[in-house]
Amino acid sequence: MLEGKFILVGVTGGIAAYKAAEVVSRLRKLRADVHVVMTKEAAHFIAPLTLQSLSANPVHVEMFTEPKLWNVEHIALAERADAVVVVPATANIIAKMAVGLADDLLSTVLLAVRSPLFVAPAMNHWMYHHSATQENLRCLTERSVHMIGPAEGFQACGTDGDGRMSEPEEIVAELERFFQSQTWLKGKRVLVTAGGTQEPLDPVRYIGNRSSGRMGYAIAQALQEAGAETVLISAPTSLHPPSQVLHVPVMTALEMRDEVIKRFPEADVVVKAAAVADYRPAVQSEQKIKKQGDKLQLELIPNPDILAELGRSKNGQILVGFAAETEELIKHAQEKMHRKNVDLLVANDVTKPGAGFGSPTNIVSFLFPDGRRIDLPQQEKLEIARRLVREIAVLLGVKEEN
Ligand code: PMT
């Protein structure tokens, strides 16, 4: 998968910098075209000459020396990269990436990069758990940076815990998996729904729910990474849709239904992450409803159940549903999976801290009609989305189970 790929390896100043040599060597053995940019601090831990010999390419350290490649070196390096991997990534470079600082060659290259970006954090356990570092890591993950590790174990500073850099073998395997996954859903058409529908009462008010759209947008991002032709049918959110995805904005459950049903015959997969209102006001007032007396009674009528409708009419498509539950998660989710005839159901208990509506993370279980179940720990929604895409690829028969 890596043959001929231009892989830019960023090396920063941590004790794990010596392991960058093995990463470079393994990449070269897999016939990648490896180029190294290192910080001056990294050069205290490992000699540029070592990385130059292993990569068989000039190593770049200084911003203002004679360019070794093209005129504007940092832009040229960033533009040619098929992937960039920072090994090790210190707390400092992670913070600089999070805020967009460009005060040396590596941080400037990282700001100009448009290819997939991988980061292998390596630092003292307490530095890793500092809320500033955690916020910076979350910020990068939300921008689709791939995190590799860190691993747990003994650290050079004498502590024991997480913060150790992942092993070179694991880092290279992650890059291989990524390039492999980019082809999984090539040529497949996928519909994703996201956000919470809004059901108008009058020109200024609506009945809505707490969905931020984060889960659905993360799924669209992961599908795009896997090469799928992705349509994101989204209720109102404050998020930016991923760049290659066709974004179809809708407001109500009825509008969402129309867009989904229209596109369903052409789709290979539908993922229904949206929180769809089960009921809508029977009457939508043309004027703002005036305050009147002590009580205001609203009459609600049912909305169509879009997923159930797809489940009845599907013709070879893979259907992925969600279940947002507040009690007896698995029992209720299983009931929904069978009733709506879906092929994979993602169950989340939305009362758990770190799960469900609005949160950057989620805690989910994947349920399958054959009784299989995969419980995932609390993770960023994008990580869950990438895992979901793997399962979809298995259901489509384009990837083997692992
Ligand atoms: O958007 P976030 O803030 O990131 O939050 C994520 C989430 C909590 C919204 C998401 O993880 C989630 O659980 N989405 C489904 C929410 C929901 O409506 O669940 P439900 O159990 O009520 O519905 C079950 C399934 O039927 C869902 O796939 C839903 O899209 C679908 N449905 C529901 C009602 C309806 N009228 N039509 C539908 O298609």
Side-chain angles (χ1 to χ4, degrees), residues 138 141-142 191-199 207-222 232-239 241 250-261 263-264 269-280 300-314 317-367 376 378-385 387-388:
R138 177 153 295 155
T141 306
E142 284 193 350
L191 298 181
V192 184
T193 68
T197 61
Q198 299 182 354
E199 310 297 330
I207 297 177
N209 61 66
R210 298 175 197 277
S211 170
S212 63
R214 277 175 134 151
M215 191 69 245
Y217 278 56
I219 293 167
Q221 166 77 36
L232 174 62
I233 300 170
S234 174
T237 73
S238 59
L239 305 172
V250 295
M251 174 122 63
T252 64
L254 287 178
E255 287 172 18
M256 184 171 276
R257 178 197 170 271
D258 287 351
E259 291 296 344
V260 171
I261 298 294
R263 292 176 162 81
F264 188 50
V269 181
V270 181
V271 185
K272 289 232 62 236
V276 185
D278 287 323
Y279 293 91
R280 67 179 184 278
L300 302 178
I301 54 171
N303 268 329
D305 188 321
I306 310 166
L307 186 58
E309 198 172 335
L310 300 181
R312 285 191 294 274
S313 61
K314 73 176 174 182
Q317 292 94 337
I318 300 293
L319 274 193
V320 180
F322 271 70
E325 305 296 342
T326 55
E327 55 175 347
E328 300 200 73
L329 175 68
I330 300 300
K331 182 174 156 223
H332 289 156
Q334 272 170 343
E335 185 277 319
K336 269 182 196 162
M337 174 174 63
H338 294 299
R339 181 163 49 84
K340 302 195 184 198
N341 192 23
V342 302
D343 303 283
L344 196 175
L345 190 120
V346 184
N348 44 187
D349 178 342
V350 293
T351 62
K352 278 196 183 161
F357 294 98
S359 160
T361 59
N362 207 350
I363 306 168
V364 304
S365 294
F366 295 163
L367 309 181
L376 297 183
Q378 181 177 349
Q379 284 178 59
E380 298 291 319
K381 284 179 172 164
L382 186 57
E383 290 309 316
I384 292 174
R387 181 64 206 269
L388 181 65

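Position 1 is the first residue of the sequence, and the numbers go up from there. Counting starts at 1 for both ligands and their atoms, in listed order.
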Ligand 1 atoms in contact with [X] (distance to a heavy atom under 4.0 Å):
X: Gly213; answer: 1 (O), 2 (P), 3 (O)
X: Asp278; answer: 34 (C), 35 (C), 36 (N)
X: Arg214; answer: 1 (O), 2 (P), 4 (O)
X: Gly358; answer: 2 (P), 3 (O)

**Item:** Taking atom 20 (P) of ligand 1 as the reference point, the nearest protein heavy atom with its distance
**Value:** Lys336 NZ, 3.7 Å

**Asked** Got the closest protein heavy atom to atom 13 (O) of ligand 1, with its distance?
**Response** Asn348 ND2, 3.0 Å

**Prompt:** Which of the listed options, Tyr217, Tyr279, Phe322, holds the heavy atom that is closest to atom 25 (C) of ligand 1?
**Reply:** Phe322

**Asked** Considering Ala274, Ser211, Pro302, which one's heavy-atom position lies nearest to atom 17 (C) of ligand 1?
**Response** Ala274

Using a 3.5 Å cut-off and no angle test, enumerate the donor-acceptor pairs between side-chain atoms of residues 334-344 and protein atoms at least two apart in sequence or in another chain.
from   : atom 1 : to     : atom 2 : distance (Å)
Glu335 : OE2    : Arg339 : NE     : 2.7
Lys336 : NZ     : Glu325 : OE2    : 2.7
Lys340 : NZ     : Asp305 : OD1    : 3.3
Lys340 : NZ     : Asp305 : OD2    : 2.7
Asn341 : ND2    : Gly311 : O      : 2.8
Asp343 : OD1    : Lys314 : NZ     : 3.2
Asp343 : OD2    : Lys314 : NZ     : 3.1
Asp343 : OD2    : Leu319 : N      : 2.7

Does some non-hydrogen atom of [X] fall short of 4.0 Å from ligand 1?
X: Ser359; value: no
X: Lys381; value: yes
X: Lys340; value: yes
X: Leu310; value: no

**Asked** Step by step, would you call Phe264 with Gln317 a side-chain contact (heavy atoms from CB on, under 4.5 Å)?
**Response** CA-CA 8 Å; Phe264 188 50; Gln317 292 94 337; 3.6 Å; yes

**Pair Asp349, Thr351: side-chain N/O donor-acceptor within cut-off below 3.5 Å** = yes

**Asked** Can you name the residues that form a side chain to side chain donor-acceptor pair (under 3.5 Å) with Glu259, not counting sequence neighbours?
**Response** Lys262, Arg263

**Prompt:** Do Thr237 and Tyr217 come close enough that some side-chain heavy atom pair is under 4.5 Å?
**Reply:** yes

